[in-house]
Every structure is written in C-alpha cells, then in structure tokens.
2 protein chains.
Amino acid sequence: MNAGVEWAIHCCVVLSSADGPVSAQRLAEFHGVSRTYLAKSLQSLSRAGIVETTEGRVGGYVLSRPADEVSVLAVVQAIEGREAAFRCTEIRQNGPFGASPEECVRPCGVATVMAAAERAWRASLREVTIADLAGQVAAETDEPTQVAVGRWLRP
Amino acid sequence: MNAGVEWAIHCCVVLSSADGPVSAQRLAEFHGVSRTYLAKSLQSLSRAGIVETTEGRVGGYVLSRPADEVSVLAVVQAIEGREAAFRCTEIRQNGPFGASPEECVRPCGVATVMAAAERAWRASLREVTIADLAGQVAAETDEPTQVAVGRWLRP
DNA sequence: CTTACGCGGATAGTTGACATCCGTGATTGA
DNA sequence: TCAATCACGGATGTCAACTATCCGCGTAAG
Ligand code: SF4
Ligand code: SF4
C-alpha cells in the first residue's frame with residue numbers, strides 16, 4: 001500500500017485541528033517527510049475534494065468539509081485510487097476448456113469472494129472519520145503541547 | 001495485488017476435483033498462463049503446506065488437505081505473504097513535535113483503524129473454502145465437460 | 001539407465017511507487 | 001507596482017517488486 005496514505009491521513013488530522021490554511025512546507029516539516037512528494041499526495045486530496053487550497057503568499061490547505069464528515073476511506077481512496085486491489089484477468093476463458101465470453105457475463109466465484117472481502121475492508125474504513133482520529137490524538141496530547149502545535153502551524 | 005493469487009486459487013480449485021497429481025505443465029496449459037512463472041506460485045503453495053508435491057516421472061501437485069479445510073485466505077497469504085498491506089512508518093516520531101519512542105509503545109489510532117480493516121478483509125476470505133468455489137464451478141459446468149476435464153488432467 | 005518432473009538459484013524486462021526539479025499562475029504584503 | 005510566497009502540473013530520475021525465463025540438480029517411475 002502506498003506510503004502516501006499514511007501521510008495523507010495524518011495531514012487531515014492536523015488540518016482538522018488547525019484554524020487556518022497550512023502550507024505543504026509546514027505539513028512536511030511537521031511529519032518529517034519529503035515536501036515535494038507530500039505535495040503530490042495533497043494534490044490528490046485536492047482533486048478528490050477533501051481539502052481546498054488557497055494560493056498565494058499565505059496559501060495552504062484546509063479541510064473542505066467538517067472533520068466528522070470525512071471518512072478514512074475517502075482519504076485512502078483519494079490517494080490509492082478506487083480500483084479494486086484484486087484484478088480479474090479472466091483466465092477461465094483461456095486454455096483448452098476455456099469458457100466462451102458469453103458464459104462469463106457474470107463474475108465467477110473467485111472474483112465474487114475477493115470483491116466481498118474488499119467491500120468488508122472498505123466498510124470498516126468508512127466507519128471511522130478524521131474527527132474520531134483527531135479526538136484520539138487530542139486525548140493523548142497534553143494541553144501546552146496542543147497550544148504550541150497550533151501556534152507553530154500558523155507562524 | 002499479485003496476479004499469481006488468481007492463478008493459485010484456480011489451481012487449487014482444479015486440484016480439488018482431480019483424482020491424482022497434476023503437473024505444473026498441465027495446470028499452466030489449462031489456464032493459459034506461463035508455465036515457468038506459475039511454477040513459482042505453486043512452490044509458494046508447497047512451502048505454505050497447502051499442496052504437496054510428488055517428484056519424479058509422473059509427479060505433480062496434490063492438495064495436502066481436504067478442499068473444505070483450505071480457506072481462500074490461506075492461498076492468498078501463501079502467495080502474497082502475511083505482512084499487512086498498510087505499513088506504519090512511525091512518522092509521529094518525526095518533526096519538531098515528534099513523540100518519543102516511549103510514548104509509542106502502543107499503536108496509534110491510524111494504525112489501529114487500518115489494522116481493523118485488514119482484519120475484516122481476512123475474516124471475509126477465511127469464510128470461504130476451496131470446496132465452496134469448486135462446488136460453484138461444478139454447478140455451472142455440464143457433466144460431459146467435467147468428465148473430459150478429469151480425463152485431460154490425467155493423460 | 002532413461003525420462004519426466006519439481007526445486008531452487010540466477011537473470012532480465014517491465015511496471016509502479018517514490019522522490020525531485022522547474023515553469024506557471026495566483027495572491028499577499030511592501 | 002513589484003517582489004516574495006505558495007499551489008499546481010509536467011517532466012524526469014531512482015529503485016524495489018512483480019513478471020517471466022532459463023538451467024542445473026535431485027528424484028522417482030518405467
Ligand atoms: S474464474 Fe473468476 S477470478 Fe478466475 S478469471 Fe474468471 S472471473 Fe476472474
Ligand atoms: S500515528 Fe499511527 S500510523 Fe502514524 S506513524 Fe504513528 S503509529 Fe504509524
């Protein structure tokens with residue numbers, strides 16, 4: 001799985017507790033990752049409509065929806081894409097006893113099972129929102145640090 | 001996801017309906033895929049204890065357990081490995097407000113959520129066995145073809 | 001002893017993830 | 001007005017993993 005997924009989720013959590021636009025520079029420094037590459041992930045979030053950007057001198061990223069309306073699944077799919085991990089290559093149509101395309105209008109058992117598993121995976125991620133994660137982080141961080149982080153994000 | 005997963009599942013289904021060892025040559029022909037590369041996947045299944053091999057002149061592969069005791073999950077993990085798709089890189093320890101390693105003894109919310117999703121995925125795959133898939137295939141295949149396939153597998 | 005077969009290592013080609021750079025356009029503050 | 005800052009998108013490079021092939025070895029049936 002793409003490492004940018006982890007970065008993107010963390011960025012969303014940070015953005016949910018910030019009170020203004022945060023630049024890619026700050027987000028990258030905060031997490032200790034490559035600025036230029038993180039920008040790619042943030043652009044994906046932007047295209048997916050999860051964050052909004054303000055260009056110019058004091059530009060940066062802001063969550064475009066309240067944190068409790070952004071599921072973890074949305075962030076993951078924004079970075080990883082929406083294609084299923086399991087790609088069926090229709091090998092049942094190959095070989096000496098290959099089925100004809102007419103017989104393959106509906107997916108076979110293998111593809112069905114894998115699709116069901118991925119549905120379960122997505123359903124699990126859909127249950128959790130960025131707000132849930134942010135609340136957890138806030139509960140584990142003491143008050144002075146939270147204030148310091150807030151000030152650091154907006155210099 | 002590794003394409004060899006699809007091949008391996010199909011091979012297990014075929015093996016469950018065969019009455020003797022089937023060579024990699026036959027399995028590859030049957031599915032119309034590369035013989036040499038399929039052999040790699042079959043070797044993974046062998047190392048995982050899902051199939052057993054008989055070497056020598058009329059060697060081949062046989063399921064080492066009854067088909068209803070082999071879950072799809074076991075086959076997938078044999079090919080793909082057992083590591084989680086989401087790798088946490090502990091970026092919360094980075095940056096100016098990075099947490100100390102002592103504070104990170106237990107996994108954070110993000111890693112927990114992703115792990116729960118993967119558990120749901122595995123649980124879904126664990127519910128289905130090779131026997132289930134074989135039964136589905138058998139129900140969709142007419143009698144004469146089944147006999148012909150059985151004969152073709154063991155020439 | 002010959003033959004067919006699985007096993008494991010070595011070896012490439014190809015793809016996709018990871019990472020960086022630069023030019024463009026937009027916005028703000030001097 | 002003008003320079004600085006920042007997001008955006010394209011182009012490019014690097015690297016690991018997947019895909020695929022080949023060969024020598026050991027094994028067991030005939
Ligand atoms: S049997 Fe299922 S998984 Fe296999 S090729 Fe057909 S649709 Fe795909
Ligand atoms: S916060 Fe969670 S996902 Fe992020 S680096 Fe720490 S353990 Fe990993």
Side-chain angles (χ1 to χ4, degrees), chain A residues 1-8 11 15 18 20-64 76 78-81 83 85-87 89 91 153-155, chain B residues 1-8 11 15 18 20-29 31-64 76 78-81 83 85-87 89 91 94 153-155:
Chain A
M1 177 172 296
N2 199 320
V5 171
E6 184 182 359
W7 302 358
C11 284
L15 289 179
V22 183
S23 71
Q25 176 70 49
R26 282 278 153 181
L27 287 171
E29 266 184 66
F30 187 85
H31 296 116
V33 299
S34 156
R35 184 190 69 85
T36 50
Y37 189 51
L38 176 63
K40 292 295 181 191
S41 297
L42 291 171
Q43 283 169 27
S44 296
L45 292 182
S46 175
R47 273 192 297 271
I50 294 175
V51 300
E52 282 180 357
T53 63
T54 51
E55 295 187 342
R57 183 116 165 65
V58 290
Y61 298 88
V62 186
L63 282 185
S64 50
V76 172
I79 304 295
E80 285 248 309
E83 316 103 39
F86 178 81
R87 302 157 285 171
T89 53
I91 64 175
L153 287 176
R154 200 80 199 128
Chain B
M1 179 172 295
N2 200 321
V5 171
E6 185 182 357
W7 302 359
C11 285
L15 289 179
V22 183
S23 71
Q25 175 71 50
R26 283 278 154 182
L27 288 171
E29 268 183 65
H31 296 117
V33 299
S34 156
R35 182 189 69 84
T36 51
Y37 188 51
L38 176 63
K40 293 296 180 192
S41 297
L42 291 172
Q43 283 169 25
S44 296
L45 292 182
S46 175
R47 274 192 296 272
I50 294 175
V51 301
E52 282 180 355
T53 64
T54 51
E55 295 186 341
R57 182 108 166 65
V58 289
Y61 297 89
V62 186
L63 282 184
S64 50
V76 172
I79 305 295
E80 284 250 310
E83 316 103 39
F86 178 82
R87 301 155 288 171
T89 51
I91 63 174
N94 299 347
L153 287 176
R154 201 80 200 129

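In what follows, chains carry the letters A, B, and so on, assigned in the order in which the sequence lines appear, proteins first and then strands, with residues in each chain numbered from 1.
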statement: note: A:Gln43, atom CD; C:dC22, atom C1'; distance rounded to Å ~ 13 Å
Presence of A:Thr54 side-chain N/O under 4.0 Å of D:dA7 phosphate oxygens OP1/OP2: no
- request: Rounded off to whole Å, could you give me the CZ-to-P distance for the A:Arg26 and D:dC6 pair?
  value: 9 Å
message: With a 3.5 Å cut-off and heavy atoms only, can you find an N or O donor on one side and an acceptor on the other between the side chain of B:Lys40 and the base of C:dG6?
response: no
- request: In whole angstrom, give the distance that lies between atom CG of B:Asn2 and atom C1' of D:dA16.
  value: 14 Å
5′-ward residue of the pair A:Met1/A:Gly56 relative to DNA chain C: A:Met1
- line: Rounded to whole Å, CD of A:Gln25 lies from C1' of D:dA4 at a distance of 14 Å
task: State which of D:dC18, C:dC7, D:dT5 makes the closest approach to the side chain of A:Arg57.
output: D:dT5
statement: To the nearest 0.5 Å, atom CE of B:Met1 lies from atom CD of B:Glu6 at 11.0 Å
query: How many Å lie between OH on A:Tyr37 and P on D:dA11, as a whole number?
result: 18 Å
query: Would you say a side-chain N or O of B:Ser34 is under 4.0 Å from OP1 or OP2 of D:dT21?
result: yes
query: Rounded to the nearest 0.5 Å, what separation is found between the CD1 atom of B:Ile50 and the CG atom of B:Leu15?
result: 11.0 Å
message: Need one value for B:Ala39: base, sugar-phosphate or nothing, where a base atom within 4.0 Å counts as base even if backbone is also close, heavy atoms only.
response: nothing
- request: Using atom types as modelled and distance alone, determine if a side-chain donor or acceptor of A:Ser41 lies under 3.5 Å from a backbone N or O of A:Ala8.
  value: no
query: Starting at CD of B:Glu55 and ending at P of D:dA29, how long is that distance when rounded to a whole Å?
result: 11 Å
- prompt: Between A:Ile79 (CD1) and C:dA17 (P), how many Å, whole number?
  reply: 12 Å
message: Categorize B:Thr36 for me: base, sugar-phosphate, or nothing, with a 4.0 angstrom heavy-atom threshold over every strand shown.
response: base
task: Classify the nucleic acid contact of A:Arg47 as base, sugar-phosphate or nothing, counting any heavy atom under 4.0 Å across all strands shown.
output: sugar-phosphate
message: Please report the interatomic distance CZ(A:Phe86) to CD(B:Glu80), rounded to the nearest 0.5 Å.
response: 10.0 Å
- prompt: What is the distance from CG of B:Leu38 to P of C:dG6, rounded to the nearest Å?
  reply: 10 Å
B:Ile79 vs B:Leu45 side-chain heavy atoms within contact, under 4.5 Å: yes
- request: Let me know, please, whether B:Arg87 or B:Leu42 comes out on the 5' side of the other along DNA chain C by nearest nucleotide.
  value: B:Leu42
task: Look at A:Thr53 and D:dC6 and indicate whether a side-chain polar atom (N or O) is within less than 4.0 Å of OP1 or OP2.
output: no
message: If you only use heavy atoms from C-beta on, which nucleotide in C:dA19, D:dA29, C:dC18 is closest to the side chain of A:Ala3?
response: C:dC18
- request: When you get a sec, tell me which of C:dC5, C:dA4, C:dG8 is the closest nucleotide to the side chain of B:Ser23?
  value: C:dC5
